[in-house]
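What follows is a short report on a single structure.
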Amino acid sequence: MHHFAYRGGVLHAEDVSLDAIASEVGTPFYCYSTATLTRHYKVFAEAFSSADALVCYSIKANSNIAVLKTLGNLGSGMDVVSEGELRRARAAGVAPEKIVFSGVGKTRDEMTYALKEGIYAFNVESEAELAALNDVACQAGVSARVAYRVNPDIDPKTHKKISTGKAEDKFGVPYDRARGLYREAANLPGINPCGIHMHIGSQITKLEPFGDAFALLRELAGQLMQDGLTLEFINFGGGLGVPYKADDPVPPHPDEYAAIVLAAAKDLNVKLLFEPGRMIAANAGILVTRVLYTKTGAAQSFTIVDAAMNDLIRPTLYEAWHDIIPVEERLVDTPGHLTDVVGPVCETGDYLALARKLPDYSSGDLMAILTAGAYGAAQSSTYNTRPLIPEVLVNGADYGVIRPRPSYDEMLGRDTLPDWL
Ligand SMILES: *Cc1c(COP(=O)(O)O)cnc(C)c1O
């Protein structure tokens with residue numbers, strides 16, 4: 001469900017024409033819909049309205065401060081994976097007691113900063129990291145609230161680059177060792193092991209892997225309570241998938257997911273935490289790009305557009321599919337043909353779609369790459385010295401540029417010359 005639709009023959013984001021935004025800010029650009037972000041957050045949060053729950057939006061999916069503030073104003077907490085993301089959450093006005101800190105490689109400096117801010121909890125991924133956190137906390141004279149991230153060795157049946165809960169993945173501590181690790185953690189003066197965390201992967205479109213994983217969480221919670229631990233929360237991670245193709249099977253509704261979670265947490269009397277990223281942001285954003293040229297190669301038709309892999313790397317990195325539609329509705333009815341949609345970057349891997357049946361675009365036409373609100377702008381780079389593209393947030397009939405396109409002077413000005421040059 002999203003708020004991008006044709007009105008009077010032109011694709012709109014809520015009440016704003018994308019053609020109008022393109023004229024004002026230039027192409028390519030990302031455009032996000034406030035109504036869609038809000039709807040997704042609410043559908044998820046409301047699925048847990050009967051429980052003591054905290055939804056911590058996973059910032060890495062889309063970290064623009066205006067997006068964070070939109071969600072923060074609805075009551076969302078945040079899941080961060082770096083000091084930079086923690087600073088973004090704080091800049092968006094999110095209270096520290098609604099922030100959790102994930103990631104396999106937090107540095108001592110990052111830990112110190114997060115303890116000073118007073119975040120809700122750290123998701124710790126190894127004994128070595130726990131020892132470092134214990135040191136840092138003791139030095140600061142505080143106790144760090146911790147959940148071990150437990151790796152259940154479950155195949156989430158998603159792309160291999162976004163599976164995180166299999167034994168061979170770098171994430172978490174092995175399920176079989178978790179009970180012993182908690183016993184040891186309880187003896188560390190700077191550590192308060194008061195939660196359990198699990199996040200088995202992303203773009204998960206079936207409920208079974210969640211069900212299997214959450215059954216193990218419940219079992220571990222019971223064991224830890226038997227061992228005398230005061231368990232305050234269970235963090236179920238993120239990972240709920242979204243439809244990328246119009247004819248994709250619909251991923252599980254948050255209500256179905258909630259039923260599994262609530263069964264796993266029944267009578268445990270703990271706070272429930274969640275870290276959804278993609279399901280909040282993906283469908284709330286599109287990438288608008290302009291066709292530069294079309295050409296027919298020896299074997300292939302190419303549609304060359306002004307966006308590229310540095311702006312949206314998901315097709316290249318994850319072999320991801322994004323639906324592509326024209327901004328001008330009249331193109332929908334052209335005969336169409338098979339084409340590769342490629343960008344200007346000097347890499348064969350620079351494409352947004354391969355052998356895709358699309359309408360007949362000409363130079364100057366605008367296309368919208370859908371479901372680009374998560375892991376789009378956040379993963380973009382300046383490869384080929386291409387400026388990061390602007391981000392625009394629409395809210396009803398209003399829109400604002402929430403990250404302007406940098407000038408070439410700003411880009412080049414970041415390089416400095418040593419004194420011998
Ligand atoms: C990336 C990540 C998430 C969010 O995953 P989505 O699939 O976007 O919901 C949640 N928790 C952790 C620890 C992550 O690394």
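As a basis for the values below, the full set of heavy atoms in this structure was taken, side chains included, without hydrogen atoms, waters or symmetry mates. Numbers here are sequence positions counted from 1. Counting convention: from 1, in listed order, for ligands and their atoms alike.
Side-chain atoms of Asn310 come within 3.5 Å of backbone atoms of Ser381 as a donor-acceptor pair (strictly under, hydrogens ignored).
Scored by the side-chain hydrogen bond (donor to acceptor under 3.5 Å, both in side chains) test, Ser202 finds Arg278 as partners (sequence neighbours excluded).
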Filter the ligand 1-protein atom pairs down to N or O on both sides and distance under 3.5 Å, then list them.
unit_1   : atom_1 : unit_2 : atom_2 : d
ligand 1 : 7 (O)  : Ser202 : OG     : 2.3
ligand 1 : 7 (O)  : Gly239 : N      : 3.4
ligand 1 : 8 (O)  : Arg278 : N      : 2.7
ligand 1 : 8 (O)  : Tyr375 : OH     : 2.5
ligand 1 : 9 (O)  : Gly239 : N      : 2.9
ligand 1 : 9 (O)  : Gly277 : N      : 2.9
ligand 1 : 11 (N) : Asp79  : OD2    : 3.3
ligand 1 : 11 (N) : Glu275 : OE1    : 2.6
ligand 1 : 15 (O) : Lys60  : NZ     : 2.7

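At a threshold of 4.0 Å, the pair Lys271-Glu232 does not count as salt-bridged, since none of the basic side-chain nitrogens sits closer than that to a carboxylate oxygen. A salt bridge is absent between Lys245 and Asp323; no separation between the charged side-chain nitrogens and carboxylate oxygens falls under 4.0 Å.
For the atom pair Thr27 OG1 and Arg405 CZ, the distance stands at 7.0 Å (nearest 0.5 Å).
A cation-pi contact links Lys106 to Phe101, judged by a cut-off of 6.0 Å to the six-membered ring centre and 45° from its axis.
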